[in-house]
Amino acid sequence: MRVLIEVAHLVAGLIAAVLIGAAAAWSYPRATGDIWLVTFAAMALVVLMGIRPIRRAFAIDRAKLVRATRSKTNG
């Protein structure tokens, strides 16, 4: 469940970056290429910053699943 929440946050960050980039490109058409370059760089950083929380959430979810499985087999 935690992984799903972290992935949802990552997707929300990517959507926000695209919307901000689109608004900026619309408002200043002469710099559209540069704006989208910066937008894509920001999106890459959002993905890079989301890797650690997703891995941490995966480890927590996996540990809970293992504990639940062990308690079912032992109980």
Side-chain angles (χ1 to χ4, degrees):
M1 184 66 175
R2 293 177 203 270
V3 174
L4 181 62
I5 292 169
E6 291 297 334
V7 170
H9 284 131
L10 179 70
V11 170
L14 292 174
I15 290 170
V18 167
L19 291 176
I20 291 169
W26 172 81
S27 68
Y28 193 64
R30 292 177 60 189
T32 299
D34 293 333
I35 289 170
W36 283 112
L37 176 66
V38 172
T39 300
F40 292 138
M43 291 171 67
L45 290 174
V46 167
V47 170
L48 287 175
M49 290 189 310
I51 291 172
R52 182 176 287 165
I54 290 172
R55 289 181 61 192
R56 187 178 312 129
F58 182 74
I60 292 169
D61 284 349
R62 186 176 53 197
K64 279 188 175 182
L65 183 62
V66 167
R67 274 186 268 140
T69 304
R70 286 182 185 168
S71 67
K72 284 183 182 179
T73 59
N74 293 335

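Residues: numbered from 1 along the sequence shown.
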K.L.:
Please say yes or no: joined through hydrophobic side-chain contacts below 4.5 Å, possibly via intermediate residues, are Ile5 and Phe58 part of one cluster?
P.N.:
no
K.L.:
With respect to Val46, which candidate in Val11, Ile15, Leu14 satisfies the side chain to side chain contact (heavy atoms under 4.5 Å, CB included) definition?
P.N.:
Leu14
K.L.:
Could you see if Val7 belongs to whatever hydrophobic cluster contains Ile60? Use Ile, Leu, Val, Met, Phe, Trp, Tyr and a side-chain cutoff under 4.5 Å.
P.N.:
no
K.L.:
Going from CG on Leu65 to CZ on Arg70, what distance comes out if it is rounded to the nearest 0.5 angstrom?
P.N.:
10.5 Å
K.L.:
Side-chain heavy atoms under 4.5 angstrom apart, residues restricted to Ile, Leu, Val, Met, Phe, Trp, Tyr: same cluster for Leu45 and Phe40?
P.N.:
no
K.L.:
Working to the nearest 0.5 Å, report the span between CZ of Arg30 and OG1 of Thr32.
P.N.:
11.0 Å
K.L.:
Which heavy atom of Val3 sits nearest to which heavy atom of Asp61, and what is that distance?
P.N.:
N-OD2, 3.3 Å
K.L.:
Going hydrophobic residue to hydrophobic residue with side-chain gaps under 4.5 angstrom, can you get from Val47 over to Val38?
P.N.:
no
K.L.:
Please report the interatomic distance CZ(Arg62) to OG1(Thr69), rounded to the nearest 0.5 Å.
P.N.:
12.5 Å
K.L.:
Should Ile35 and Val18 be counted in the same cluster of Ile, Leu, Val, Met, Phe, Trp and Tyr side chains packed under 4.5 Å apart?
P.N.:
no
K.L.:
Atom CD of Glu6 and atom CZ of Arg52: how far apart are they, to the nearest 0.5 Å?
P.N.:
12.5 Å
